[in-house]
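Every chain is numbered from 1 and lettered A, B, ... according to where its sequence line falls, protein lines coming before strand lines. Predicted model, so just to flag it, every value in this text is computed and none were measured.
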There are 2 protein chains.
Amino acid sequence: MSPVPMYEVIYGDLLSQIKSGALAPGDRLSSEPALASQYGVSRMTVRQALDQLESEHLLVRRRGSGTYVAEPSATYRRMNRLGSFGEEMGVSEVTTDTKFQGSVVPPDEVRGKLGLKPRQKAVRLLRVRLVSGTPAAVQESWLPYSLAPQLAREELIGGSLYGTLLERWGVKLKWAEQTISAVAATGEHAGWLGVEQGSPLISITRVAFVDDGTPIELAHSWTRPEFPLFARLET
Amino acid sequence: MSPVPMYEVIYGDLLSQIKSGALAPGDRLSSEPALASQYGVSRMTVRQALDQLESEHLLVRRRGSGTYVAEPSATYRRMNRLGSFGEEMGVSEVTTDTKFQGSVVPPDEVRGKLGLKPRQKAVRLLRVRLVSGTPAAVQESWLPYSLAPQLAREELIGGSLYGTLLERWGVKLKWAEQTISAVAATGEHAGWLGVEQGSPLISITRVAFVDDGTPIELAHSWTRPEFPLFARLET
DNA sequence: GAGTGGTCTAGACCACATG
DNA sequence: ATGTGGTCTAGACCACTCA
């Protein structure tokens with residue numbers, strides 16, 4: 001049997017059609033029996049692919065009517081999934097001002113969360129992200145040096161850390177745990193972000209993991225309140 | 001056929017066994033074929049129930065080994081789901097100081113988000129929530145007066161708004177959309193929460209919906225940073 | 001009434017984990 | 001070697017929507 005299951009093939013095919021716009025929001029898909037015969041599989045297999053797309057809010061099923069491409073929900077894709085900074089902001093005009101990029105021995109708190117041994121080095125990235133030229137957030141990322149040494153000096157592909165990890169080293173982040181709070185801006189952050197010292201910022205601490213549960217990235221971010229987070233909660 | 005599908009019956013049965021502790025974290029469930037014969041259904045039907053429990057992180061499946069009750073993940077249940085204040089805080093010692101409870105004509109911003117007509121009244125609840133006696137958050141809730149008039153004067157069942165809506169009026173919230181940011185504490189909020197005026201607070205605006213998409217509650221909350229939010233993000 | 005998605009069956013072969 | 005979950009089949013009947 002092919003190493004990749006049929007329902008994942010179908011999932012990927014439909015996903016790319018949706019992302020490319022070949023299937024636009026509101027469009028009706030072929031019926032389940034029709035898809036089954038198109039892909040040469042049984043209906044249950046098609047349903048496995050559709051179930052997954054529906055759970056990601058990319059499809060809406062209406063009994064007796066059909067299966068439709070969902071209207072993009074600002075709320076869902078913005079925060080219930082792990083994405084790039086631009087994806088989370090829902091904007092594309094993101095530029096980056098890198099304040100520091102290099103390898104250092106991390107403080108104990110970082111070392112613990114990344115599971116590093118004493119004196120083991122880590123890559124530290126300190127960046128200011130700007131949306132349409134306006135400073136929006138300060139991001140500090142720590143990664144094990146052994147994972148990707150070149151990260152300490154090479155430029156990121158397309159300015160995206162996660163994209164670079166995947167394309168350059170095949171490191172695929174699987175999930176992340178976040179803590180969200182609020183803090184008063186320090187003098188340095190205030191200067192970078194163009195706000196008053198002591199003014200409120202959204203503070204996020206994030207640990208990202210790969211498939212087997214190994215922590216790969218510890219990130220702190222400080223975001224101006226004009227760039228809030230969005231989330232959709234299910235019952 | 002029974003009005004409720006078999007896989008939901010099985011789902012509910014396993015869920016209650018997990019919640020009651022009859023199935024404890026780490027326990028192995030019967031195998032899928034065994035469950036199928038126990039419930040008198042086919043294996044695919046059992047799998048539908050298990051799929052749902054797995055997607056809620058209540059079960060972990062290990063190929064070749066078995067299906068196990070998951071270790072409760074602090075992170076997941078705390079914020080990716082819509083729950084009571086206590087559930088979200090992950091604590092049980094929550095008390096409430098009600099500052100206002102009554103019906104008023106809401107400001108336009110509230111009226112719009114709840115889809116009310118001009119001059120239509122709304123119930124307003126203003127509460128300070130305390131965790132182990134420490135003020136943690138100010139919560140302001142707005143609901144259509146027509147939905148639950150008694151809410152304007154009667155006490156909440158167990159101090160829970162969502163619980164009261166469900167038990168008293170059968171109103172079941174289905175999902176909510178949140179915006180999370182940071183603000184400086186106003187004088188009034190600072191006083192209630194025991195913090196300095198101008199100090200940073202987590203600010204959340206939430207609109208909760210019932211099944212058919214009707215907005216039922218608009219809530220604002222202001223939370224001390226010592227009580228952060230937790231979230232788990234999937235890829 | 002024809003077509004859709006929702007549920008369900010009774011099998012099958014496979015990759016994998018464990019003793 | 002045995003048993004587990006992962007994938008898949010080729011049907012079936014149902015409730016529902018829509019023309």
Side-chain angles (χ1 to χ4, degrees), chain A residues 1-15 17-18 23 25-71 174 211-213, chain B residues 1-15 17-18 23 25-71 174 211-213 234-235:
Chain A
M1 187 174 302
S2 161
V4 47
M6 271 309 297
Y7 74 87
E8 280 196 17
V9 173
I10 299 170
Y11 167 86
D13 187 40
L14 292 173
L15 180 62
Q17 288 188 51
I18 292 171
L23 284 170
D27 283 1
R28 211 190 84 170
L29 272 68
S30 305
S31 73
E32 294 180 358
L35 287 169
S37 93
Q38 282 171 37
Y39 286 106
V41 299
S42 78
R43 190 179 152 213
M44 288 299 273
T45 302
V46 166
R47 282 183 62 79
Q48 240 177 307
L50 297 181
D51 284 348
Q52 197 172 332
L53 289 162
E54 188 187 26
S55 79
E56 293 169 11
H57 292 90
L58 291 167
L59 294 180
V60 176
R61 278 161 153 162
R62 283 200 271 276
R63 183 203 309 231
S65 171
T67 301
Y68 301 82
V69 179
E71 303 298 328
K174 193 70 199 301
D211 225 337
D212 65 359
Chain B
M1 187 172 306
S2 160
V4 48
M6 271 309 297
Y7 74 88
E8 280 195 17
V9 173
I10 300 169
Y11 167 85
D13 187 40
L14 293 173
L15 181 61
Q17 287 188 51
I18 293 171
L23 284 170
D27 282 1
R28 213 191 82 171
L29 272 67
S30 305
S31 72
E32 295 180 356
L35 287 169
S37 93
Q38 282 172 36
Y39 286 106
V41 298
S42 77
R43 189 178 153 214
M44 288 299 273
T45 301
V46 166
R47 282 183 62 80
Q48 240 177 306
L50 297 182
D51 285 347
Q52 197 172 332
L53 289 162
E54 188 186 27
S55 79
E56 292 169 11
H57 292 90
L58 291 167
L59 294 180
V60 176
R61 278 162 152 157
R62 283 200 271 276
R63 184 198 317 224
S65 171
T67 300
Y68 302 82
V69 179
E71 302 298 328
K174 194 69 198 305
D211 225 339
D212 65 359
E234 314 286 341
T235 306

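- Straight-line distance from the CD atom of B/Gln48 to the C1' atom of C/dT9: 12 Å, rounded to whole Å.
- Taking the side chain as every heavy atom from C-beta outward, A/Leu50 and A/Leu29 approach each other to under 4.5 Å.
- Checking each of A/Val4, A/Val41, A/Thr45 against A/Val9 for a side chain to side chain contact (heavy atoms under 4.5 Å, CB included) leaves exactly one that passes, namely A/Val4.
- Nearest to the side chain of A/Arg28, among D/dG5, C/dT4, C/dC8, sits C/dT4.
- Phosphate contact (OP1/OP2 of C/dT4, side-chain N/O of A/Ser31, threshold under 4.0 Å): present.
- Ranking D/dT9, D/dG5, C/dG6 by closeness to the A/Ser42 side chain, first place goes to D/dT9.
- The side-chain heavy atoms of A/Arg61 and A/Arg47, taken from C-beta on, include a pair separated by under 4.5 Å.
- A/Asp13 has its side chain within reach of A/Tyr39: a pair of non-hydrogen atoms, C-beta onward, lies under 4.5 Å apart.
- The only option from A/Leu58, A/Thr67, A/Val60 that meets the side chain to side chain contact (heavy atoms under 4.5 Å, CB included) definition with A/Leu53 turns out to be A/Leu58.
- Taking the side chain of B/Glu32 as heavy atoms from C-beta on, and the options D/dG5, C/dC8, C/dG6, the nearest nucleotide is D/dG5.
- One donor-acceptor pair, N or O on each side, does fall under 3.5 Å between the base of C/dG6 and the side chain of A/Arg43.
- Summarising the geometry, the separation between CG on A/Leu35 and C1' on C/dG3 is reported as 14 Å, rounded to the nearest angstrom.
- If you measure from atom CG of B/Leu50 to atom C1' of D/dT7, you get 15 Å, rounded to the nearest angstrom.
- In this structure, A/Arg47 atom CZ and C/dG6 atom C1' are separated by 6 Å, rounded to whole Å.
- Out of D/dT9, C/dG6, C/dT7, the shortest distance to the side chain of A/Arg61 is found at C/dG6.
- Counting to the nearest Å, the P atom of D/dG5 and the CG atom of B/Asp51 are 12 Å from each other.
- Atoms OH (A/Tyr7) and P (D/dG6) sit 9 Å apart, rounded to a whole Å.
- Distance A/Met6 CE to D/dT7 P: 13 Å, rounded to the nearest Å.
- In the set D/dT17, C/dT9, D/dT7, the nucleotide with an atom closest to the side chain of B/Val41 is C/dT9.
- D/dC16 atom C1' lies 6 Å from atom CZ of A/Arg63, rounded to whole Å.
- Residues A/Glu8 and A/Tyr68 both approach DNA chain D. Their nearest nucleotides, taken by heavy-atom distance, put A/Glu8 toward the 5′ side.
- In this structure, the nucleotide among D/dG5, C/dC8, D/dC8 sitting nearest to the side chain of A/Met44 is C/dC8.
- Counting only heavy atoms from C-beta on, B/Thr67 has its side chain closest to D/dG5 among C/dC8, D/dG5, C/dG5.
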